[in-house]
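Okay, so here's the structure we're looking at.
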2 protein chains.
Amino acid sequence: MDCKDNCPLLERRCVKPTSNRILVLKTLTAAARPMSLSEIEETIGTMDRSSIFRVLTLFASNHVVHTIEDGNGVLRYEICDGEDECTLQDMHTHFYCERCHRTFCFKSIQIPSIELPDGYIMHSVNYMVKGICPNCAH
Amino acid sequence: MDCKDNCPLLERRCVKPTSNRILVLKTLTAAARPMSLSEIEETIGTMDRSSIFRVLTLFASNHVVHTIEDGNGVLRYEICDGEDECTLQDMHTHFYCERCHRTFCFKSIQIPSIELPDGYIMHSVNYMVKGICPNCAH
DNA sequence: ATATTTCATGCAACAGCGTTGCAAAGTGTA
DNA sequence: TACACTTTGCAACGCTGTTGCATGAAATAT
């Protein structure tokens with residue numbers, strides 16, 4: 001494959017832009033917050049759960065999206081912003097509201113880094129704050 | 001209940017120390033790393049999954065243990081060290097090895113704090129690093 | 001243009017984790 | 001001893017994530 005397609009986000013990652021893939025990508029782009037598999041399924045409505053899963057898995061391994069655990073045992077998917085690889089750009093903090101069970105994305109708040117003990121190799125970091133969101137605190 | 005039992009860790013939290021509860025507590029204490037429900041079940045062998053679950057739920061709400069998501073969709077339980085409440089004392093970082101799927105506990109590395117946007121109320125934080133542990137990096 | 005291979009999709013089914021209802025066993029109390 | 005309350009085990013369930021398989025679509029070769 002030569003990476004010359006008409007969907008820039010997928011093209012950049014050498015992912016063949018099938019209609020389903022574009023659909024999933026648009027759904028994720030439209031949502032302000034990281035979405036779960038079920039949420040995507042509901043939003044799209046016409047696409048099979050396993051197909052969405054496979055698209056997301058492909059996206060994740062090609063750095064189109066990355067995943068976070070939302071603090072409730074559910075995986076959520078979020079579009080990678082980084083130009084090149086899914087790097088520090090994407091290492092921002094998240095907030096899980098224990099009341100409304102929504103996950104918020106603090107893109108402007110980067111994850112403070114720590115120094116690991118010798119021998120540990122870091123691939124990614126997840127910084128998840130749990131609490132109550134402004135809406136639910138009323 | 002008057003909190004005067006013979007198991008200090010449970011007594012302090014006003015949890016009646018039944019034999020099963022002590023068993024779960026000892027299992028958790030003996031393990032160096034945070035354990036999952038299944039791990040506890042296997043280790044104990046004689047106790048029903050749901051009973052363990054209920055004990056852990058009770059422990060968690062009485063701040064005997066706290067839970068972390070291990071980066072693999074599995075909940076893990078860890079004994080709270082804090083004297084009083086489950087506070088900063090317990091807010092240390094964790095490491096999930098993507099190769100051996102074990103979760104490590106960096107008790108000496110505290111989670112660096114961030115400033116939340118207005119209106120968000122923080123209850124707890126999870127700082128989870130994913131990568132390769134020294135054993136697996138060989 | 002047609003045949004052949006490759007890839008993507010939908011359906012069905014499954015495993016594992018977390019969770020609950022219910023009845024029996026255990027514990028404490030009057 | 002009788003009674004109330006708690007704890008436990010068994011069974012079952014829902015949900016998330018995941019895979020096998022057969023069909024359909026797309027790309028490639030003939």
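Residue numbering restarts at 1 for every chain, and letters A, B, ... go by the order of the sequence lines.
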Any donor-acceptor pair under 3.5 Å linking the side-chain atoms of B:His66 with those of B:Tyr77?
no
What is the nucleic acid contact for B:Ser51, judged by heavy atoms within less than 4.0 Å: base, sugar-phosphate only, or nothing?
base
Please report, rounded to the nearest Å, how far the C1' atom of C:dT9 is from the CD1 atom of A:Ile52.
12 Å
Mind checking if A:Arg49 touches a base, just sugar-phosphate, or nothing, with heavy atoms under 4.0 Å?
base
Starting at CD of A:Glu41 and ending at C1' of C:dG10, how long is that distance when rounded to a whole Å?
12 Å
Taking the six-membered ring where the residue is Trp, are the ring centres of A:Phe106 and B:Tyr120 under 6.0 Å apart?
yes
Can you see if the side chain of B:Thr18 gets near the phosphate of D:dT8 - specifically, an N or O under 4.0 Å from OP1 or OP2?
yes
I need the minimum non-hydrogen distance between A:Ile132 and A:Cys97, along with the two atoms involved.
CA-SG, 4.1 Å
Are OP1 or OP2 of D:dG9 and a side-chain N or O of B:Asn20 less than 4.0 angstrom apart?
yes
Please report the distance, rounded to the nearest Å, between CG in B:Leu75 and C1' in D:dC15.
15 Å
By nearest heavy atom, map B:Asp48 and A:Arg54 onto DNA chain D; which one lands nearer the 5' end?
B:Asp48
Which part of the nucleic acid does A:Ser38 contact within heavy-atom distance under 4.0 Å: base, sugar-phosphate only, or nothing?
sugar-phosphate
